[in-house]
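Everything numeric here is computed off the predicted structure, so don't read it as measured data. All values below were derived from every heavy atom in this structure, side-chain atoms included, with hydrogens, water molecules and symmetry-related copies excluded.
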Amino acid sequence: MKIAGIKNIFFDLDHTLWDFDKNSELTFDTIFKRNHPSVQLKTFIEKYVPINRACWELFQYDKISHAELRYNRLKHSFDAMDYVVSDEQIESIAQEYIDLLPDNNHLFDGTFEVLDYLNKDYNLHIITNGFADVQFRKIKNSNLASYFDTITNSEMAGVKKPNPIIFEYALDLSKAKKENSIMIGDSLEADIQGALDIGLDAIFFNERNVEAAENIKQVNHLLELKKYL
């Protein structure tokens with residue numbers, strides 16, 4: 001059922017448009033082949049993905065710092081696979097990862113098609129918790145920049161989703177109103193509940209098919225957004 005009165009659409013970036021897990025795996029593959037050839041990529045990724053998600057959840061609630069996020073997600077992953085690595089090596093991997101990550105720019109299936117479709121009738125924006133420099137490089141390198149009128153990141157706003165301040169900041173920046181706007185993202189807490197808590201409608205991009213409350217609007221594929229917008 002189409003949602004009436006919407007003029008502005010706010011997208012999350014990572015895990016919503018930009019395929020973070022796939023691009024991350026490709027980046028680690030490059031790093032390990034260069035400097036840590038004995039690391040089994042498949043085993044590392046199996047450990048890293050849930051650890052990284054857990055670290056980001058702590059980071060978004062300011063329970064760990066940026067530096068701790070960078071260190072912990074690698075240290076805990078290597079520890080989980082009993083791979084001995086020094087703090088200096090972890091710092092080197094962390095920096096190389098940030099440098100190389102935006103060079104891989106796989107997007108979720110249907111990204112350009114749905115953005116072309118929405119761009120005709122709506123103003124499009126991004127709200128992301130990612131680090132400013134990395135996020136801007138991702139957006140530029142993946143040819144997404146031309147679709148979006150504004151890009152709000154947590155460094156600009158001074159807080160991270162689901163803090164209401166970042167949503168209010170994005171609305172002010174875009175000169176949009178809650179009443180005619182909607183948020184689309186993959187995180188039930190950061191994107192969906194964060195938006196709903198300030199009176200901003202939301203659609204959950206449930207690509208991983210996790211359980212969600214029946215009252216939450218959701219899609220499993222980006223092209224399904226056409227049934228709402």
Side-chain angles (χ1 to χ4, degrees), residues 3 6-24 56 59-60 66 98 101-178 180-198 200-207 217-219 221-223 225-226 228-229:
I3 304 170
I6 299 297
K7 295 181 180 178
N8 294 278
I9 301 174
F10 293 86
F11 278 95
D12 176 46
L13 182 63
D14 292 334
H15 303 286
T16 300
L17 299 174
W18 200 83
D19 192 342
F20 182 92
D21 288 342
K22 185 170 185 176
N23 294 321
S24 183
W56 268 99
F59 178 68
Q60 74 187 22
H66 178 191
I98 293 299
L101 184 61
D103 293 340
N104 295 300
N105 285 287
H106 291 274
L107 303 173
F108 280 102
D109 185 45
T111 293
F112 286 122
E113 184 177 341
V114 81
L115 291 178
D116 284 331
Y117 167 81
L118 295 172
N119 205 29
K120 297 171 186 174
D121 299 309
Y122 303 95
N123 303 312
L124 306 183
H125 314 274
I126 283 178
I127 308 177
T128 173
N129 279 355
F131 311 124
D133 177 60
V134 178
Q135 299 304 77
F136 281 121
R137 285 165 58 208
K138 289 176 183 175
I139 292 164
K140 179 178 180 290
N141 292 350
S142 57
N143 297 314
L144 290 174
S146 63
Y147 290 97
F148 297 100
D149 295 337
T150 67
I151 298 168
T152 296
N153 63 67
S154 53
E155 290 181 39
M156 296 162 60
V159 295
K160 310 169 199 72
K161 295 176 291 183
N163 191 307
I165 292 173
I166 192 171
F167 293 100
E168 298 287 1
Y169 183 100
L171 288 164
D172 288 343
L173 182 65
S174 61
K175 297 179 172 57
K177 297 180 179 179
K178 306 173 189 179
N180 63 20
S181 302
I182 196 163
M183 177 74 202
I184 300 168
D186 73 292
S187 171
L188 278 170
E189 286 187 42
D191 299 312
I192 307 310
Q193 198 58 53
L196 294 174
D197 283 347
I198 70 156
L200 179 64
D201 203 357
I203 300 173
F204 177 36
F205 177 50
N206 192 7
E207 192 263 342
K217 301 181 187 75
Q218 62 178 290
V219 296
H221 190 284
L222 288 175
L223 293 180
L225 289 171
K226 292 181 180 183
Y228 288 114
L229 300 163

Chemist: Might you point out which heavy atoms bring Lys178 and Leu200 nearest each other, and give the distance in Å?
Modeler: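 Where Lys178 meets Leu200 most closely, the heavy atoms are O-CD1, 3.9 Å.
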Chemist: If I take atom CG from residue Leu118 and atom CZ from residue Phe11, how far apart are they, to the nearest 0.5 angstrom?
Modeler: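 Interatomic distance, Leu118 CG to Phe11 CZ, rounded to 0.5 Å: 5.5 Å.
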Chemist: Is any side-chain heavy atom of Val114 less than 4.5 Å from a side-chain heavy atom of Leu229?
Modeler: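 In short, these two side chains do not touch, never coming nearer than 4.5 Å.
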Chemist: Quick check: closest heavy atoms across Ala195 and Met183, and the distance to 0.1 Å?
Modeler: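 Closest approach of Ala195 to Met183: CB-CB, 3.7 Å.
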Chemist: Please determine whether side chain to side chain contact (heavy atoms under 4.5 Å, CB included) holds for the pair Leu144 and Thr111, giving the CA-CA distance in whole Å, both sets of side-chain angles, and the decisive distance to 0.1 Å.
Modeler: CA-CA 9 Å; Leu144 290 174; Thr111 293; 4.0 Å; yes
Chemist: Could you state the interatomic distance from CD1 (Ile126) to CG (Asp149), rounded to the nearest 0.5 Å?
Modeler: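 Here the rounded value is 11.0 Å.
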Chemist: Please check: side-chain N/O of Gln218 versus main-chain N/O of Asn206, any donor-acceptor pairing under 3.5 Å?
Modeler: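 No.
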Chemist: Of all residues at least two apart in sequence or in a different chain, which pass the side-chain hydrogen bond (donor to acceptor under 3.5 Å, both in side chains) check with Asp14?
Modeler: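 In terms of side-chain hydrogen bond (donor to acceptor under 3.5 Å, both in side chains), with neighbours along the sequence ignored, Asp14 is linked to Gln135, Lys138.
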Chemist: Under 3.5 Å, is there a donor-acceptor pair between the side chain of Asn119 and the main chain of Leu115?
Modeler: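 No, Asn119 side chain to Leu115 backbone: no donor-acceptor pair under 3.5 Å.
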Chemist: Should the heavy atoms of other residues, nucleotides or ligands under 6.0 Å from NZ of Lys226 be counted, would the total exceed 12?
Modeler: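 Yes - once you tally the heavy atoms of other residues, nucleotides and ligands closer than 6.0 Å, there are more than 12.
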Chemist: Using the test side-chain hydrogen bond (donor to acceptor under 3.5 Å, both in side chains), find all partners of Tyr117 that sit at least two apart in sequence or belong to another chain.
Modeler: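 Result, side-chain hydrogen bond (donor to acceptor under 3.5 Å, both in side chains) vs Tyr117: Lys2.
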Chemist: Any chance you could measure Leu225, atom CG, to Ile184, atom CD1, to the nearest 0.5 Å?
Modeler: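 Going from the CG atom of Leu225 to the CD1 atom of Ile184 covers 4.5 Å.
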Chemist: Counting only N and O atoms by type, is there a donor-acceptor contact under 3.5 Å from the side chain of Ser174 to the main-chain atoms of Leu171?
Modeler: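 Yes: the side chain of Ser174 pairs with the backbone of Leu171.
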Chemist: Salt bridge check, Lys161 against Glu189: does any charged N sit closer than 4.0 Å to a carboxylate O?
Modeler: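 Salt bridge between Glu189 and Lys161, a charged N being under 4.0 Å from a carboxylate O: no.
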Chemist: Measuring from Ile9:CD1 to Ser181:OG, what's the distance to the nearest 0.5 Å?
Modeler: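 Separation between the atoms: 9.5 Å.
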Chemist: With ring centroids as reference points, do Trp18 and Phe205 lie under 6.0 angstrom apart?
Modeler: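 When the ring centroids of Trp18 and Phe205 are compared, they turn out to be at least 6.0 Å apart.
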Chemist: Mind checking whether Tyr228 and Ile182 have side chains closer than 4.5 Å, heavy atoms only?
Modeler: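 Answer no - side chains too far apart.
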Chemist: Given side chains that start at C-beta, do those of Asn180 and Asn8 come closer than 4.5 Å, heavy atoms only?
Modeler: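 Answer yes - side chains close enough.
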Chemist: Whether the side chain of Thr152 engages the backbone of Ile127 through a donor-acceptor N/O pair (distance < 3.5 Å, no angle test) should be reported.
Modeler: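 No; judged by distance alone, with no hydrogens or angles, the pair does not exist.
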Chemist: Check the pair Lys217 / Asp201 against side chain to side chain contact (heavy atoms under 4.5 Å, CB included), numbers first and verdict last.
Modeler: CA-CA 9 Å; Lys217 301 181 187 75; Asp201 203 357; 2.8 Å; yes
Chemist: Has Asp191 got a side-chain atom pairing as donor or acceptor with Asp186's backbone, closer than 3.5 angstrom?
Modeler: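 The answer is yes, because a donor-acceptor pair under 3.5 Å joins these two groups.
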Chemist: Ile198 and Pro164: which non-hydrogen atoms are nearest, and at how many Å?
Modeler: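 Scanning both residues, the minimum pair turns out to be CG2-CB, 3.4 Å.
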Chemist: What is the minimum heavy-atom distance between Phe131 and His66, and which atoms define it?
Modeler: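 In terms of heavy atoms, the two residues are closest at CZ-CD2, 3.1 Å.
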Chemist: Check the angle between the aromatic planes of His125 and Phe10 and answer parallel, tilted or perpendicular using the 30° and 60° thresholds.
Modeler: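 Taking Phe10 first and then His125, their aromatic rings lie parallel (interplane angle under 30°).
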Chemist: Test your reading of the model: is there a side-chain donor-acceptor pair from Ser154 to the backbone of Asn129, 3.5 Å cut-off?
Modeler: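 Judged by distance alone, yes, a pair lies under 3.5 Å.
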Chemist: When rounded to the nearest 0.5 angstrom, what is the spacing between CE in Met156 and OG1 in Thr150?
Modeler: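 That separation rounds to 8.0 Å.
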Chemist: Compare every heavy atom of Thr128 with every heavy atom of Gly130, then report the nearest pair and how far apart it is.
Modeler: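 Smallest heavy-atom distance, with atoms named: N-OG1, 3.0 Å.
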Chemist: Measuring from Leu17:CG to Asp12:CG, what's the distance to the nearest 0.5 Å?
Modeler: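 Going from CG on Leu17 over to CG on Asp12, the span is 7.5 Å.
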